[in-house]
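The block underneath contains the structure these notes are about, expressed in structure tokens.
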Amino acid sequence: QVQLVESGGGLVQPGGSLRLSCAASGSISSPDIMGWYRQAPGKQRELVAAITSGDRTNYQDSVKGRFIISRDNAKNTVYLQMNGLKPEDTAAYYCNLVKLVGPLKYNYWGQGTQVTVSS
């Protein structure tokens, strides 16, 4: 019923840029929070950035000033503009959508897209 489709990952040199996109489709409506997580081999999944329906944002300290998260509510799409990429940014990036229903919190996940930063 709900699907998140990611795109934009790839191989980039240090200092380069990539733009990730995640489009939500299906029965979901009025998502409260959309964001991006990442996970490298042997590491725990961590929050990179998140944005609310009111465009309030939150960033992991390591990406603040380099990454920009934005959303298009009409298309239920969230973007992650990544600038000044570093090898430490290499990971699988996962789109996340959160819907608040009364006291409940529902999470939906994208399939993941690989970002590799290397010379």
Between [atom1] on residue [X] and [atom2] on residue [Y], distance to nearest 0.5 Å:
{"X": "M82", "Y": "Y93", "atom1": "CE", "atom2": "OH", "answer": "5.5 Å"}
{"X": "D72", "Y": "M34", "atom1": "CG", "atom2": "CE", "answer": "10.0 Å"}
{"X": "L20", "Y": "T113", "atom1": "CG", "atom2": "OG1", "answer": "6.0 Å"}
{"X": "R71", "Y": "I51", "atom1": "CZ", "atom2": "CD1", "answer": "6.5 Å"}
{"X": "N76", "Y": "S25", "atom1": "CG", "atom2": "OG", "answer": "9.0 Å"}

Hey, are the side chains of [X] and [Y] touching, using non-hydrogen atoms and a 4.5 Å cut-off?
{"X": "S119", "Y": "P14", "result": "yes"}
{"X": "V78", "Y": "I69", "result": "yes"}
{"X": "V115", "Y": "T90", "result": "no"}
{"X": "L4", "Y": "L97", "result": "yes"}

Could you give all pairs that pass the side-chain hydrogen bond (donor to acceptor under 3.5 Å, both in side chains) test and reach residues 9-23, with sequence neighbours left out?
-> S17-N83, R19-Q81

Listed partners of E88 passing side-chain contact (heavy atoms from CB on, under 4.5 Å), at least two apart = K86

Please name all residues satisfying side-chain contact (heavy atoms from CB on, under 4.5 Å) with A92, sequence neighbours left out, ordered by chain then number.
-> Y94, Q114

With sequence neighbours left out, which residue pairs that include part of residues 56-70 fulfil the salt bridge (Lys or Arg N to Asp or Glu O under 4.0 Å) condition?
-> R66-D89

Output every pair passing salt bridge (Lys or Arg N to Asp or Glu O under 4.0 Å) with a member in residues 42-54, not counting sequence neighbours, ordered by first then second residue.
-> R38-E46

List the residues meeting side-chain hydrogen bond (donor to acceptor under 3.5 Å, both in side chains) with [X], not counting sequence neighbours, and say none if there are none.
{"X": "N107", "result": "N96"}
{"X": "T57", "result": "none"}
{"X": "K105", "result": "none"}
{"X": "Y79", "result": "K75"}

On a heavy-atom basis, the closest approach of L18 and G8 is CD2-O, 3.8 Å

Give me the other members of the hydrophobic cluster that I33 sits in, counting Ile, Leu, Val, Met, Phe, Trp and Tyr linked by side-chain heavy atoms under 4.5 Å, directly or via other members.
-> V98, L100

Which pairs count as ring-ring contact (aromatic ring centres under 6.0 Å, His included) when at least one residue sits in residues 30-78, sequence neighbours excluded?
-> Y37-W109

According to the disulfide bond (SG atoms under 2.5 Å apart) rule, which pairs have a member within residues 51-119, sequence neighbours left out?
-> C22-C95

